[in-house]
Protein chains: 2
Amino acid sequence: MTTAAPTSSRDLPHPERTEIRLEAVLHALSDPMRLLVVRELAADGDELSCSHFDLPVTKSTTTHHFRVLREAGVIRQVYRGTAKMNGLRRDALDDLFPGLLDSVLAAAARQAVRLGGS
Amino acid sequence: MTTAAPTSSRDLPHPERTEIRLEAVLHALSDPMRLLVVRELAADGDELSCSHFDLPVTKSTTTHHFRVLREAGVIRQVYRGTAKMNGLRRDALDDLFPGLLDSVLAAAARQAVRLGGS
DNA sequence: GCCGTACTACGATGCCTATCGTACGAGTCG
DNA sequence: CGACTCGTACGATAGGCATCGTAGTACGGC
């Protein structure tokens with residue numbers, strides 16, 4: 001259910017819903033880059049390719065961050081051709097930790113306003 | 001406001017409310033030991049001494065964890081005689097990140113039930 | 001079949017951190 | 001004062017991790 005039929009043959013390891021740990025999720029979200037990615041994913045709906053994000057790090061590092069997010073159970077990644085599409089695992093997170101993701105997103109938005117000014 | 005008159009002469013550096021960063025809070029809560037401490041603090045009201053906690057680590061490490069929590073703005077520490085009392089900074093956290101702490105605590109409680117069974 | 005694009009794998013590096021042990025300072029109580 | 005308790009400071013250590021660069025793999029289009 002959680003893993004739809006992949007458009008490509010390559011498959012990626014995702015943690016089962018019961019394998020997701022709060023500490024891992026919090027740790028994944030505690031990195032500025034990853035928090036930025038999650039905020040953008042939440043804002044733009046889902047299904048965004050890795051290359052859509054213009055992070056101030058190399059592609060190697062970007063790959064690393066996406067893997068951390070996937071292995072923590074925060075995002076779901078599916079290959080579609082050469083692109084790798086990313087989507088928030090809202091269903092699993094909201095089921096396991098109700099309100100957590102929204103609180104973090106709201107907190108991040110508030111802090112962005114508070115610090116960035118814009 | 002946030003810093004009451006200390007019972008002892010020794011004083012501890014706490015971040016101002018505006019200095020508290022979401023990433024730092026999430027990182028502080030992403031450690032199992034520290035999450036345990038915060039859960040106990042939230043359950044037992046506030047004003048618990050460091051020695052009250054029976055963590056499976058040495059006292060040096062315990063001191064380290066409490067300092068991380070304090071420097072992230074999660075707890076407030078005040079000396080009272082030889083003891084160091086610890087309390088959650090609920091006011092600051094709820095003001096900066098409404099609902100975040102409660103979501104994390106609820107998520108931790110849910111996960112404890114889900115995993116521990118007891 | 002070949003090339004370009006998208007992403008990965010692997011090794012290296014430097015920093016951060018969780019942990020410990022020991023030695024020390026601060027405060028309380030006899 | 002002296003001893004004891006609570007917590008700190010400092011050094012050491014080992015592991016983790018964010019970052020990079022380069023070389024390589026998968027896929028789609030020409």
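A note on names: the letters A, B, ... follow the listed sequences, proteins ahead of strands, and every chain is numbered from 1.
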Contact check, side chains of B:Val104 and B:Leu35, non-hydrogen atoms, under 4.5 Å = yes

task: Look at B:Ser51 and D:dG7 and indicate whether a side-chain polar atom (N or O) is within less than 4.0 Å of OP1 or OP2.
output: yes

When rounded to whole Å, the CD to C1' distance for the pair B:Glu71 and C:dT17 reads 13 Å

In whole angstroms, the gap separating P of D:dG7 from CG of B:Leu12 amounts to 12 Å

Sorted by chain and number, sequence neighbours left out, side chain to side chain contact (heavy atoms under 4.5 Å, CB included) with B:Gln77 holds for B:Leu12, B:His14, B:Cys50, B:Phe66, B:Arg70, B:Ile75, B:Lys84, B:Asn86

May I ask you to check whether B:Thr61 and B:Thr58 show a side-chain donor-acceptor distance below 3.5 Å? yes

>> Salt bridge or not between A:Arg76 and A:Asp91? Use side-chain N to carboxylate O under 4.0 Å.
In response: yes

Atom pairs under 3.5 Å: protein N/O with N/O of nucleotides 28-30 of chain D:
none

When rounded to whole Å, the CG to P distance for the pair A:Asp54 and C:dA6 reads 13 Å

B/S/- along nucleotides 13-20 of chain D (protein heavy atoms under 4.0 Å) is ----SSBB

- Does B:Arg39 reach the side chain of B:Leu105, with side-chain heavy atoms less than 4.5 Å apart? yes

Q: Report yes if some heavy atom in the side chain of B:Leu115 is under 4.5 Å from a heavy atom in the side chain of A:Arg21; otherwise report no.
A: yes

Rounded to whole Å, the OH-P distance (A:Tyr79 to D:dT25) equals 14 Å

Electrostatic pair A:Asp102:A:Arg90 at N-O distance under 4.0 angstrom
yes

Whole-Å distance, A:Met85 CE to D:dC27 P, equals 16 Å

Exercise. Do B:Tyr79 and B:Asp11 have side chains that get closer than 4.5 Å, going by heavy atoms?
Worked result: no

>> Using a heavy-atom cut-off of 4.0 Å across all strands, would you classify A:Thr63 as base, sugar-phosphate, or nothing?
In response: base

From CD of A:Glu23 across to P of C:dA18 the rounded distance in Å is 13 Å

Rounded to whole Å, the CZ-C1' distance (B:Arg70 to D:dG7) equals 12 Å

(message) Using only atom types and a distance under 3.5 Å, with no angle test, would you say the side chain of A:Gln111 pairs donor to acceptor with the backbone of B:Leu22?
(response) yes

From CZ of B:Arg67 across to P of D:dC10 the rounded distance in Å is 9 Å

